[in-house]
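Okay, structure first, notes after.
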Amino acid sequence: MTNLTTTLNIKYDGKSITENQIKILKLISEKKSQNKVAKILNIPPSSINIQIKRLEKKLGVKLIYSSTSGTILTEPAQNIVKYYESVQKRVSKHPFIACGFISGELGKILFDDILISSFDNILKLHEMDLTSIVGIDDPYWSFRLGEPIPIAYDHFIIVYKENFNVKNLIGIRYSPQRIVWNILKNQNIDFKITKVVKNPFYAIDLIEDGYSLFLNESFAKYIKKNYIVKKPYFYEKTKHTLNFIASNKEHEKLINRVVNKKKKEIENRGFKIIECF
């Protein structure tokens, strides 16, 4: 279980924080010294400082400051560490609700306390019988894991900075992008996935470097205003379901109950509810 929890993805204001960066923040909070942290991790002290500076630039917040007591975490950094520790504690409890990043957009509406991570992590948790309800990003996995409960529809949009290039695409593992790749293949469109990531938030960040992206429309709110967003001409063909599976009948009833209760809120967030609800 320890090896699994350290791979869980943490986000601050939609920006991903790597496992190594969280480890550095935790050690700084304990040791109050970048030199001591560097010694523990067996890396140069300059590497610690570089990691912190890069993370500060990415998140847009100050993470550390110097005091008479040594190097201290700022309040935002303390909150990041506390949140990470709370996630670690949560995965030690049985059972809980877990969602991939994409299904997590629905999960946040439906449930008060959920774990959102890359779907490969969610699969591991599910295989260890630690989940009561699982939100599935790609419909392909639904029938492989259980009896799917389709909640709402999602589509794909294209996102880029200057020019959309099908030879420079970002792939997101375990996402429903498989649907788009199949459409492109069927239409004999020559495309190339040049970068593969686990996290759609990281994929959005990479657009800054000139990559092009097919992104779930439910993530449109996280796109920077200076990026270009369009619907592909095969937009309707990208329609797919966001599904949940339940470990037993009681949890299945819970899903149906909360979906019916929060129909309006789900629709207000831009999702189209599947008619059976």
Side-chain angles (χ1 to χ4, degrees), residues 9-18 21 54-61 76 80 83 99-110 114 116-119 122 135-139 151-181 183-184 189 191-242 265-273:
N9 292 275
I10 300 298
K11 301 189 299 296
Y12 181 91
D13 197 23
K15 302 293 179 60
S16 295
I17 306 173
T18 68
Q21 288 166 337
R54 283 179 178 171
L55 188 58
E56 286 181 333
K57 184 178 180 181
K58 182 177 184 179
L59 303 184
V61 295
I80 289 168
Y83 177 73
C99 297
F101 286 114
I102 298 164
S103 56
E105 292 300 299
L106 267 177
K108 287 185 290 189
I109 302 170
L110 299 174
I114 63 171
I116 298 175
S117 183
S118 58
F119 194 66
I122 302 303
I136 301 174
D137 293 351
D138 185 352
I151 307 297
Y153 293 115
D154 203 355
H155 289 80
F156 274 96
I157 52 176
I158 58 175
V159 190
Y160 56 100
K161 188 175 181 181
E162 294 178 356
N163 298 298
F164 189 78
N165 184 359
V166 292
K167 296 291 188 69
N168 193 25
L169 296 172
I170 307 169
I172 304 171
R173 291 189 66 205
Y174 294 98
S175 82
Q177 279 182 327
R178 170 187 52 81
I179 296 167
V180 174
W181 309 150
I183 292 171
L184 295 177
I189 296 174
F191 67 96
K192 186 175 181 181
I193 302 165
T194 54
K195 184 80 172 179
V196 179
V197 299
K198 292 183 180 181
N199 186 327
F201 293 101
Y202 183 36
I204 293 171
D205 288 342
L206 286 172
I207 294 171
E208 188 67 29
D209 298 330
Y211 291 96
S212 298
L213 176 63
F214 283 97
L215 182 70
N216 274 79
E217 193 169 22
S218 56
F219 268 71
K221 59 181 173 290
Y222 299 114
I223 300 169
K224 291 181 180 178
K225 291 182 178 179
N226 61 316
Y227 293 161
I228 299 169
V229 180
K230 293 182 178 179
K231 292 181 180 179
Y233 66 87
F234 50 78
Y235 173 80
E236 288 303 329
K237 291 183 178 180
T238 70
K239 182 179 179 180
H240 59 279
T241 59
L242 295 180
E265 187 176 351
I266 294 170
E267 290 171 345
N268 287 342
R269 299 284 184 93
F271 290 102
K272 181 176 175 56
I273 294 209

**Prompt:** Cation over ring, Lys272 on Tyr153, under 6.0 Å and within 45°?
**Reply:**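 No; the conditions do not both hold, so Lys272 does not lie above the ring face of Tyr153.
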
Heavy-atom distance under 4.5 Å between the side chains of [X] and [Y], does that happen here?
{"X": "Leu213", "Y": "Leu206", "result": "no"}
{"X": "Asp137", "Y": "Ile122", "result": "no"}
{"X": "Asp205", "Y": "Lys58", "result": "yes"}
{"X": "His240", "Y": "Asn216", "result": "yes"}
{"X": "Leu242", "Y": "Phe271", "result": "yes"}
{"X": "Phe119", "Y": "Asp138", "result": "no"}

**Request:** Could you label the plane-to-plane angle of the Phe201 and Phe101 rings as parallel, tilted or perpendicular, counting under 30° as parallel and over 60° as perpendicular?
**Result:**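 Rings of Phe201 and Phe101: perpendicular, as their planes differ by over 60°.
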
**Request:** Please answer whether the main-chain N or O of Arg54 pairs with a side-chain N or O of Gln21 as donor and acceptor at a distance below 3.5 Å.
**Result:**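 Side chain of Gln21 to backbone of Arg54, a donor-acceptor pair under 3.5 Å: no, none is there.
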
Distance, nearest 0.5 Å, that separates [atom1] of [X] from [atom2] of [Y]:
{"X": "Leu215", "Y": "Ile207", "atom1": "CG", "atom2": "CD1", "value": "7.0 Å"}
{"X": "Phe214", "Y": "Ile157", "atom1": "CZ", "atom2": "CD1", "value": "11.0 Å"}
{"X": "Tyr211", "Y": "Ile193", "atom1": "OH", "atom2": "CD1", "value": "12.5 Å"}

**Message:** Do the side chains of Lys108 and Glu105 get close enough for a salt bridge, i.e. N-O under 4.0 angstrom?
**Reply:**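 The answer is yes: the pair qualifies as a salt bridge.
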
